[in-house]
Amino acid sequence: MSEMRTMTYAEAVREAMAIAMEADERVFLMGEDVGIYGGAFGVENDLYERFGTERVRDTTISELGIVGMGVGAALTGMRPIVEIQFSDFTAQAMDQIVNQAAKIHFMVGGQASVPLVIRAPGGSGTGAAAQHSQSLEAWFAHVPGLKVVMPSNATDAGALLLAALEDPNPVIVLEHKLLYKQSFAVPATFPKARLGEGRIEREGSDLTIVATSVEVQRSLEAAEQLAAQGISAEVIDPRTIRPLDTELILSSVEKTGRVLLVQEAVKFGGFMSEVSATITESRAFGALQAPVRRLCGLDTPIPYNPKLERASVPQVDDIVREAAALVREW
Amino acid sequence: MSEMRTMTYAEAVREAMAIAMEADERVFLMGEDVGIYGGAFGVENDLYERFGTERVRDTTISELGIVGMGVGAALTGMRPIVEIQFSDFTAQAMDQIVNQAAKIHFMVGGQASVPLVIRAPGGSGTGAAAQHSQSLEAWFAHVPGLKVVMPSNATDAGALLLAALEDPNPVIVLEHKLLYKQSFAVPATFPKARLGEGRIEREGSDLTIVATSVEVQRSLEAAEQLAAQGISAEVIDPRTIRPLDTELILSSVEKTGRVLLVQEAVKFGGFMSEVSATITESRAFGALQAPVRRLCGLDTPIPYNPKLERASVPQVDDIVREAAALVREW
Amino acid sequence: MTVASETTRATAVLTDMWRIRLFEEAVEDLYGRGMMHGTMHLSIGQEAVPVGASLCLEDGDVITCTHRGHGHTIARGADLGRMMAELLGRENGYCKGRGGSMHIADVATGNLGANGIVAGGLPIAAGAALSQKMRGTDRVTLCVHGDGAVGEGAWHEAMVLASMWDLPVVFLCENNQYGMSLPSLAAYRVEKLSDKAAGYGMPGETVDGNDVDAVAAAVGRAVERARAGQGPSFVDAVTYRWRGHSKSDKNLYRSKDEIAEWRDKDPIARYSGQVLEAGVLTAADLDAIQAAVRQEIRDAVVFGTRGAEPTVESMLAGVYAPVDEQGAEDRA
Amino acid sequence: MTVASETTRATAVLTDMWRIRLFEEAVEDLYGRGMMHGTMHLSIGQEAVPVGASLCLEDGDVITCTHRGHGHTIARGADLGRMMAELLGRENGYCKGRGGSMHIADVATGNLGANGIVAGGLPIAAGAALSQKMRGTDRVTLCVHGDGAVGEGAWHEAMVLASMWDLPVVFLCENNQYGMSLPSLAAYRVEKLSDKAAGYGMPGETVDGNDVDAVAAAVGRAVERARAGQGPSFVDAVTYRWRGHSKSDKNLYRSKDEIAEWRDKDPIARYSGQVLEAGVLTAADLDAIQAAVRQEIRDAVVFGTRGAEPTVESMLAGVYAPVDEQGAEDRA
Ligand SMILES: Cc1ncc(C[n+]2csc(CCOP(=O)(O)OP(=O)(O)O)c2C)c(N)n1
Ligand SMILES: Cc1ncc(C[n+]2csc(CCOP(=O)(O)OP(=O)(O)O)c2C)c(N)n1
Ligand SMILES: [Mg+2]
Ligand SMILES: [Mg+2]
């Protein structure tokens, strides 16, 4: 565990899938172009050569169908992983995700459960425009019966995927396209993770930054710059947003008294509004020295133009600016 | 305008559709069983007899297809209304609602717009269980390009539908199944409404209750009971949740200093978390005498058993209890 | 077939058809008396489809049902008491009162459940069949769906995927000719629904869905094909529902004559007549079967009405399946 | 056809095919030099489909395209400069730099746009056709989609609805034989994709998609049928893309031989050869056409690269169409 290696986020996802498939013959993968193509983002690469086309299954372009097949396979003894090529196409599969997978265990009174893992890359930054760049986690976080995971680094991408595969419930893992190619230091073995446990990525005392996915990386960079300005930022990554590690966030806010919530998704109705509401109606309300502040995506579909695209979601500079203002003005 | 008549919410929706179809030959309706069946909830009733099967079109059971046809018709000079039989089945149509209707005007740089109205009844209370009882407004509120309307009474059901039909953007109108059969006093002519304008349904001074859809009616009943206890509750109905009449809410909160947010939808990640976050990061933060409190649906799919079903969403008693506690404890 | 086995079979068939009919009549009655709530989709008049199809299934086979799922659930052997308890919303019901009629399931008998979503069960059935195939079993999945479901994208995607992978699934269209108020055949622009199967490289067959033997024969062929690893089939069983679509139905889209005509094709009366004529069962046998089922139904109602009301606590505890921490630790 | 009109037609056909080819080569080049970003779906090798189909359309007809939409957009007469500007993300592009290649649209020519969602355009096209029919026009909608789109539920639902209502829409499958890496024909278990049309009560035809005239003939028949109020048709035009699916494609799923074989079937070379042989155009004419198009493309690149960068303010103002308060007041 102590020896570290360098690995991209995509490699970590691939390795976790391979570990699970080695260990458990019930695990298999279905998705569009996950076979010989190697995945639209190269996540699968040679996985089909290692495990064969029975366990790494290329499907037709039928998102609703393949998620539904995942539900059926999960109900009958398998542990399917379904890849949705871009998380935007979960829109095609919402019925099976929300009306079926999330509710079956409940609706049948516990007679069956749906251990299905759905992986889907989200986020902007690749010039893919409005239909291929959304961050839709808020939809899923609002659905009882689902668990929602957002890994922000390679270690978590692997560890949380393995945890998702151990879970008897449907879990949607929202990966990030920009992180796939990024390299991280990763322990020799993925640490055991538990869905619902967040982590303090960096300790600090002046304010708490809660961020998700790629914004965790940006927040860590921002914290570095803030430190140079004499501001000590604590950075929290909830890692799973449903269930949410509320305790970790509240304790931090009680300590720092200020909180900046950072997400790539559109602000209005986004997941960070839940975090904000949770904080302000909690015991931590009294500890707040400043109003909770959200820094989120602009209220727009993601544009194609690269400058506009960058401007549409929080960048490192924006986080530094907002965090500094929060500390200086209050 | 001053003469009032009695009319159910369903009748108001029907009348508004009829007014629009009389006035504008571009307006037509598509949906499952909206013709001779009269609509699953009787909303359409004899509409097809009055306007013919060309303008009141029975479709196959193809939610994605009919919303998409609405998009195509709206792009080419018509003003379609698409009915989704239960709002739960918007899950089938999310791609056309979110990836197409909401984004086309933006993606084509304003060359075209999508004046499409989608009507869909939501909510629990009819014993229809988990797949026919959801309140999914939070999903739509999070999507730039959409407008989202939630009428809480018959007048609004008519007036806001007419406003939606005047709007050049896609508008989703989330009606409530329990309200359909409820009677209301309605002016002789539907008043002109504007999407984005909320309303104070009842004035008060001790706390502000912001509620949506059926919970507005419950909140008004609760306010009556609270008055008997000496508590003066102001009840606000945002009427459209995207765009949201933030100003109206903030002014009220500044006046009362306390706020209870009431929705039927599941609490976690629900729309009221946005309202909460908006309030606490606004100028009204300083005026708050108590933490913002949310009273929402339990964290569960809607169950079949009628007692459990009632217990799953806020009832009048719950609102009275929470409001009273908010005023007494703070 | 020997006389004895013919008698056994006929008795079983009639018992199950009567169970479905009388169970639903009891449900209707409870509903009418305000003792049951929600909405109901009754399959009275369609009994030959579930009973005929079930004759072809064995232990370990899987089925998925529609919102109109009582018939198949009963035909697969579900306990009538626990079914009635579920429709009464009780803790001793199959779904602990959480699901009701539209989500009734009996997973122990391979019945993954009714589905409130039209065509929602199709991809799930294809997935169950994939699982059966990947696990190396020779089990099959029977996917029951309505004619209205054929208009859904989910129907198409399941047909495409099942066909691509030669999955052991039988798509059984319980074709009562209407999707709520929409006459399906007119809408789909084909002569018979089985004409659609060719577009998926699948055999398709249309049969009289009020004839138990015809249904059993067609489904039997499809099941054998699936068991032999030859892939999916489509069976279109034409039948009719006597009642409205659900409780909100004013029945304006069907004529009285049409309904009367189909009542005359009552699958129970027809099958009873056949076995009487063939001398497989006597009139007394028929009466005895009905009487026995009537008693079962009475018992079921008693069982159901005596069930406890579920609690909010148990409901909330039932949203997620519990994570087996220990098991997880072991595998890490 | 007179010699003069044959010459005009051949010139127009070749001009458009070259516009598509050279536009995309320029795009590739700009991308390679880091001057263009995002992802690109090139239709080089498929030019006969858009050009052949467009020959059948008139003013007021509508089309919807796929993510691989440059060809049809050009064939319908879009301005190359504004297209290039769009792909360069500029304010003077068709979509003000908001849409890019995957959302290119030219609504003035009836082109409702490319679509980043596979099969996303099908229901929209059916809706446009419904609108054409309801407004009493004799206009038609051409719905271009890929072979991969056939696996989507949206494809099915649009086919069902268009068929039920006899809508004036032509479903044109630009069948380059792969949905990204998936070989379609093998997946769908039919001999040819047009075998699927019968299941929707629609005529279906498979044609050589590298032959402009064959495409024009088949689409022409379908368009005439639609204009005459006889409903939708399905045309399957078999072609091939020379390039990878997009920039991420390593082309592992197709053999070099297969690609070479299809390069030999180059639709431009083939059509050029035909008109040369028939004496409709001379070698000098062919050179002149190409040279003229080269200049157009150079101009387009200049126009595009000189365009202004869009601003955040204008972007945010473009999310919603403005409500015309006055108009609304009038109708109240
Ligand atoms: C996705 C979806 N759309 C619409 C409905 C509403 N609905 C319930 S049953 C039904 C008709 C279904 O017809 P069919 O499939 O023929 O089954 P039948 O009721 O005739 O048994 C409709 C429209 C639904 N439950 N799910
Ligand atoms: C709903 C959806 N699923 C998946 C994708 C990713 N994707 C883009 S193009 C493509 C292949 C489409 O194949 P086809 O329809 O044959 O068109 P072609 O690319 O061959 O022109 C895929 C899988 C998408 N854009 N939309
Ligand atoms: Mg039916
Ligand atoms: Mg293709």
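Chain identifiers are assigned alphabetically (A, B, ...) following the order of the sequence lines, protein sequences preceding nucleic acid strands; residue numbering begins at 1 within each chain. The structure presented is a predicted model; accordingly, all values stated were derived computationally and were not measured.
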Under the side-chain contact (heavy atoms from CB on, under 4.5 Å) test, which residues partner D:A321, sequence neighbours left out?
B:H105, B:S113, B:P168, B:N169
Listed by chain and number, what are the side-chain contact (heavy atoms from CB on, under 4.5 Å) partners of D:A237, not counting sequence neighbours?
D:V49, D:L172, D:V207, D:V215
Please evaluate residues C:V238 and C:L193 with respect to the criterion side chain to side chain contact (heavy atoms under 4.5 Å, CB included), reporting the C-alpha separation (whole Å), side-chain torsions for both, the decisive distance (0.1 Å), and the verdict.
CA-CA 9 Å; C:V238 182; C:L193 288 190; over 6 Å; no
Where do [X] and [Y] come nearest, in terms of heavy atoms and distance?
X	Y	answer
D:V118	D:A149	CG1-CA, 3.5 Å
D:P123	D:G120	CD-O, 3.6 Å
D:A105	D:G113	CB-CA, 3.5 Å

Flag side-chain contact, heavy atom, 4.5 Å: D:V212 against D:L55:
yes
Below 4.5 Å from any heavy atom of chain D, which atoms of C:A187 appear? Answer side chain, backbone, both or neither.
both
From the list D:A158, D:A197, D:A186, D:G199, the residue making the most non-hydrogen contacts under 4.5 Å with chain C is D:G199
Check: every donor-acceptor pair under 3.5 Å linking chain C and chain D:
unit_1 : atom_1 : unit_2 : atom_2 : d
C:V150 : O      : D:H156 : NE2    : 2.6
C:G153 : N      : D:E157 : OE2    : 2.6
C:H156 : NE2    : D:V150 : O      : 2.6
C:E157 : OE2    : D:G153 : N      : 2.6
C:M164 : O      : D:R189 : NH2    : 3.3
C:D166 : OD1    : D:R189 : NH1    : 3.0
C:D166 : OD2    : D:R189 : NH2    : 3.2
C:R189 : NH1    : D:D166 : OD1    : 3.0
C:R189 : NH2    : D:M164 : O      : 3.4
C:R189 : NH2    : D:D166 : OD2    : 3.2
C:K196 : NZ     : D:G199 : O      : 2.8
C:G199 : O      : D:K196 : NZ     : 2.8

